Amino acid sequence: MAVLELKDVSFKYQLAKETILENISFSIEKGEFVALVGRNGVGKTTLCSIMRGLIPTFHTGTMNGQVLLNGMDISDMSIGDIALHIGFVFQNPFVQVSGVKQTVFEEVAYGLENLGVERSEIIRRVEEMLIQLNIDHLRTKHPMQLSGGQSQRVALASVLVMDPEILIIDEPTSQLDPQGTEEVFETIRLLKERKKTIILVEHKVDWVAEYADRILVIHDKHIVKDARANEVFSDPMLLETGNNLPQVALLALKLRELGEASFDNIPTTLDDAVEQLKGRGE
Amino acid sequence: MLDRKKGPLSKLYPLTKLVFLFCAIILAIVYDWKFGYLVMVPLTLVLALFSGNFIGFIKKFIGALLLFVIFVFLFKIMLDKSDSQILFQWQFVIIRIQGLIDGLNQTSVLVVMAAVVLLFFETTEVEDLMISLQQRKVSHVVSYIVLSTLQMIPDMVKRSKVIMQAQQARGIETEGNMYLRVRAFFPSLGPLIISSISELEERAITLEVRGFSASIEKTFLKDIQSRAIDRILSIGFILISIALLGWRIYLWLF
Ligand SMILES: Nc1ncnc2c1ncn2[C@@H]1O[C@H](COP(=O)(O)OP(=O)(O)O)[C@@H](O)[C@H]1O
Ligand SMILES: [Mg+2]
């Protein structure tokens, strides 16, 4: 059974003239790692809020269709109890500080306190998370006095530590340098190993191509493509929706166009390219 | 880095202080200015000596006093039309006894409120208040409203400074005499309120995402407990208040 399913969802923000999303349908299986791509303002964040049940409760507007969480209509669930199933990391890290805590350690622990996890278990899980996201050195800092990148990691840690079965993560690396980005993707990979279902919005397609299983391309209110990562990222059509292709795929396409090299299929990851090019050297 | 509150009053259970706060305000409402100015305000100042930050408290208290005392009081005194004894006269400014008393009466509740509320926050962490409310099974909605209101005030102050600066940068005068400042302040209210509300909404979502209103019994890492002294003080405050209220009602009736 699908853990999360959208059935013919459309949405219009209250004050907007036009609908932002129309007839969105897809379902996600347990353990899948799905990435949402689309140009800025296309409605990725909006779609995340819909999946989390924040729309239409918090952001008002007209919504049609259904969101099913483990087969249950999400609009029948209390917004607080959805937190037990879905973790949500916002795009803007600065607004996801609880405001009630004085240190990063306590901030990360806050969600577990709310879930009634036992004290010693809270401490163990927070310690583990601080190390995993490389924020251990920030543990006594005030959560409102962090840099963008630090804030982003703390926000991610605060949600991951709650260990929900589904994670919706909206542009978690926008404020991070390459090393920070790698750490975040490594963390997401570990989640995937633990059979978590992951929905990620991310512009850095090179990374997405390496890690994600399946890509949903949103363009002009609709999902225009829903396919495996290597299929989506090897298709130059993606460029027309305002998205980028991985560098590896661009290079391969260019080489093919110039007649310099032929490929069975356009590689989208470094390993894939290496595999295909091996043994071709003069 | 961390500004944890210190001082003996900070060790009291937040609800004990809340009981004191409400008792003080109710008594200030039913009694006249003498009770407010001569009993409650001095009492609060004495208590503030145990807040761990007396100077900080005094600064904020004086700031608050200046704000409304000046307005309400002067207004009242000037508009006094009674013919009670003239206290002070300078050109058209005439201060009469009755005006002064009216002014004291009208401000005493506000001044007591300002004093006890400031003292409360000088000695209580918002988080501790939240925890104690939740320990007493106060509903999520109520504790959220308390929390967000408390957070909104310092936020708004900070933000109003930013907005003022922005307006200054656009050439709007925000310094200089009172009239100019007041005139500059009003156009900034719109953006101030809108940005505060949208922030409030985002914060509400943040708390929801972290399971704030999940229907589960919470754990509290921080150990905040009501001790014997808290129970004694709370009961004491309530008994004293009931006695004083009774006395007041007795005076009204007979
Ligand atoms: N609360 C809102 N009210 C009205 N319009 C909104 C609101 N939030 C976002 N929008 C608009 O909806 C569009 C999609 O936004 P968003 O979902 O954030 O896109 P993305 O995440 O893909 O960049 C944008 O044009 C944005 O201006
Ligand atoms: Mg977005």
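Quick note on labels: first sequence line is chain A, next is B, and so on, each numbered from 1. This structure is a prediction, so every number in the text was calculated from the model and none was measured.
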Does the salt bridge (Lys or Arg N to Asp or Glu O under 4.0 Å) test come out yes or no for Arg153(A) and Glu183(A), once each step is laid out?
-> CA-CA 10 Å; Arg153(A) 289 173 200 227; Glu183(A) 280 161 10; 2.7 Å; yes
Side-chain donor-acceptor pair present, Gln135(B), Tyr13(B), cut-off under 3.5 Å = yes
Structural part of Met144(A) lying under 4.5 Å from a heavy atom of chain B = side chain
Choice from Val89(A), Leu112(A), Val159(A), Val117(A) maximising heavy atom contacts with chain B below 4.5 Å | Val117(A)
Given Ala155(A), Pro164(A), Gly111(A), the one with more heavy-atom pairs under 4.5 angstrom with chain B than any other is Gly111(A)
Among Ile122(A), Ile123(A), Leu54(A), single out the residue with the greatest number of heavy-atom pairs under 4.5 Å to chain B.
-> Ile122(A)
Which atoms of Glu107(A) approach chain B - backbone, side chain, both or neither, heavy atom under 4.5 Å = both
Non-hydrogen atoms of chain A under 4.5 Å away: do they reach the side chain of Glu208(B), the backbone, both or neither?
-> both
Without swapping roles, check the side chain of Glu122(B) against the backbone of Lys60(B) for a donor-acceptor pair under 3.5 Å.
-> no
Could Glu217(B) and Lys137(B) be called an ion pair, given the rule that one side-chain N must be under 4.0 Å from one carboxylate O?
-> yes
Under-4.0 Å salt bridge between Arg124(A) and Glu127(A) | no
